[in-house]
Amino acid sequence: MFPCQADDIPTRGSTGGVEGKDAPCGKFRRTLHTRCGRRARTPASLPGSKLEPMPATVIVGAQWGDEGKGKIVDLLAQDSDVVCRYQGGPNAGHTIVSGGETFKLHHVPSGILSGKLCVVGAGCVVDPGLLVAELDGLEERGISTAGVRISGNAHLIMPWHVAIDSASERRLGRLQIGTTRRGIGPAYADKAARIGIRVQDILDPKILRQKFETALSEKNVLLERMHGVEPLEVEELAERMEECAVRLRPSVADTSLLVDRALHEGQRVLLEGAQGTLLDLDHGTYPFVTSSNPLAGAAATGVGIGPTRIDRVLGVAKAYVTRVGEGPFPTEIQGPEEERVRDLGAEYGTTTGRERRCGWLDLVALRFAVRLNGMTSLVLTKLDVLSAFAEIPVCTRYRLPDGSETAEFPAHQSDFHHAEPVYESLPGWQATLGGAESLADLPDPARGYVRFVEEWLGVEVSLISIGAERDRVVAPHGLASVAG
Ligand code: IMP
């Protein structure tokens, strides 16, 4: 059995994290939850509010990933106790700028920079070597990783997964998906085939070695005969993995129990998605998707709590759209303006360094994301990037091959592949948003842009990000209301 010590869970009135220090500011006070009697937090700035805040909030990417979720999680983590990743692996790259320093996180939840308890849930896949490097890198920069807990049920990405990912992309040639080549698809495929190796297997070197022997008897045939890649050697692999295991063993925990206990304690839990809605294995732009479910619904299974424990779903969307990898992208900008958006937004992949494809805001796809995630509010990021443009096209409908127009995301992939964007042009503001602290400080056309999005989607924009630093945000209804 691996631990979920009671002292893993921050005590009431703590700022969270493993040390359980008293909250530095009196921003939040505790109230008794009237429905179930459990304790919940109420933003002190909303006295007498009828809307009782609840603790579990999902933060989900509303486009093709890279929406800026890391910054939002980092910001909301300040007033949270536990931050969990529920799917994906080192294909994710969350960039966070804090105190003038830039951090790029791949496995570890973004709450780590605020010293919170950080859970890597069962729905994730973990590359042990990369995780150890990430933890060591954080420690070297003075960030404690003592609060990291990894689900024993998460699956391991093994060297053969990485080799097969790259080899199959090569084999696919121009039909390739454009994966991050981190072994994500092959690792999730083995999980579904029930031949995966799990994090809990690193607890016993003998079991781990046996699993390597069994796996390699098949994978080496595949590597050599099908992909023409060098076979892997059990002994060398077992040695390499044992080094990682020594480092990771103390962090392996029953994270489902840990999160459940935290919720019972009335702690505030953030469930952090990786990738984005349109990369969802079931509902995204298949086959140009990832191999897990970024959708908010998957947060419950990915962490191991019931869906009724989730109270809020914050969708995060850029004020425009980017995509890395292959696949259809109706609002992709053709011509020099794409380069301009890419340069202004520094749109290069955090994980792979690839240029991101850039496009105008697609409200058809975003409406789809609102629906699929049951979004309770939207966070709009990188609004400042659009400041350079005199006119900003926004796609409100698709024109389908039969000439009809629709505001609904096409259910059939051929319709989507051939969909032409129908734009409305909104006035730009051509002024810096640099000093804005409230909605009223934004130029009229920028407020108009936000209002247009809200009206079209039927969902409130609760936070607008206007720069890379944590404090470069505008919260139209107050920061305390964003995650409850
Ligand atoms: P995989 O997840 O590496 O298998 O890649 C599948 C698709 O998802 C490719 O198009 C990748 O570019 C894309 N993808 C995976 N992770 C991310 C991410 O964190 N941000 C953006 N795109 C991603």
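Index from 1, following the sequence. The structure displayed is predicted, hence computed values, not measured ones. Numbering of ligands and ligand atoms starts at 1, following listing order.
Taking any N or O of Glu326, backbone or side chain, none lies under 3.5 Å from an N or O belonging to ligand 1. Among the atoms of Gln275, some N or O lies under 3.5 angstrom from an N or O of ligand 1.
Applying the 4.0 Å criterion to heavy atoms of Ile177 picks out, from ligand 1, the atoms 10 (O). Against a heavy-atom cut-off of under 4.0 Å, Val324 is close to the following atoms of ligand 1: 10 (O), 12 (O), 21 (C), 22 (N). Heavy-atom proximity to Gly178, at under 4.0 Å, picks out these atoms of ligand 1: 9 (C), 10 (O), 11 (C), 12 (O). Heavy-atom proximity to Thr290, at under 4.0 Å, picks out these atoms of ligand 1: 1 (P), 2 (O), 6 (C). Taking a cut-off of under 4.0 Å to the non-hydrogen atoms of Trp64, the atoms of ligand 1 that pass are 21 (C), 22 (N). Near Gly325, the atoms of ligand 1 lying under 4.0 angstrom from a non-hydrogen atom of the residue are 10 (O), 12 (O).
Looking only at heavy atoms of the protein, atom 6 (C) of ligand 1 is closest to Val289 O, 3.2 Å. Given atom 3 (O) of ligand 1, the protein heavy atom at minimum distance is Thr180 OG1, 2.6 Å. The protein heavy-atom contact nearest to atom 5 (O) of ligand 1 is Thr179 CA, 3.3 Å. Among all protein heavy atoms, the one lying closest to atom 20 (N) of ligand 1 is Asp66 OD1, 3.1 Å.
The closest heavy-atom contact to atom 8 (O) of ligand 1, among the options Thr322, Leu279, Asn91, Thr350, comes from Leu279.
For the side chain to side chain contact (heavy atoms under 4.5 Å, CB included) with Cys118, the lone residue among Thr145, Ile112, Leu113 that qualifies is Ile112. Paired with Val324 under the rule side chain to side chain contact (heavy atoms under 4.5 Å, CB included), one option of Arg354, Glu355, Arg357 passes, and it is Arg354.
The shortest heavy-atom distance from Ala274 to ligand 1 is not under 4.0 Å. Ligand 1 lies out of reach of Arg182, whose nearest heavy atom is not under 4.0 Å from it.
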Problem set entry | Glu420 and Arg399: CA distance, side-chain angles, deciding distance, salt bridge (charged side-chain N to carboxylate O under 4.0 Å, His left out) verdict | CA-CA 5 Å; Glu420 293 284 341; Arg399 188 169 301 113; over 6 Å; no
Practice item. Would you please test Glu242 and Arg249 for salt bridge (charged side-chain N to carboxylate O under 4.0 Å, His left out) and show each step? Key: CA-CA 10 Å; Glu242 182 53 22; Arg249 266 180 207 130; 2.9 Å; yes
task: Run the numbers on Glu460 and Ser377 for side-chain hydrogen bond (donor to acceptor under 3.5 Å, both in side chains), then give the verdict.
output: CA-CA 5 Å; Glu460 177 184 279; Ser377 78; 5.3 Å; no
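Ring pair Phe416/Phe409 is tilted by interplanar angle, where 30° to 60° counts as tilted.
Using a 4.5 Å cut-off on side-chain heavy atoms (C-beta onward), Cys84 and Val269 make contact.
By the 4.0 Å N-to-carboxylate-O rule, Arg268 lies too far from Asp79 to be salt-bridged with it.
Here Phe288 has no heavy atoms under 4.0 Å from ligand 1, in either its backbone or its side chain. Of the heavy atoms in Arg354, only side-chain atoms (C-beta onward) come closer than 4.0 Å to ligand 1.
Across all their heavy atoms, Pro476 and Ile464 have their closest contact at CG-CD1, 4.1 Å.
Screening residues 324-350 for ring-ring contact (aromatic ring centres under 6.0 Å, His included) gives Trp64-Phe329 as the qualifying pairs, with residues at least two apart or on separate chains. Pairs engaging residues 70-124 under the ring-ring contact (aromatic ring centres under 6.0 Å, His included) rule: none recorded [sequence neighbours left out].
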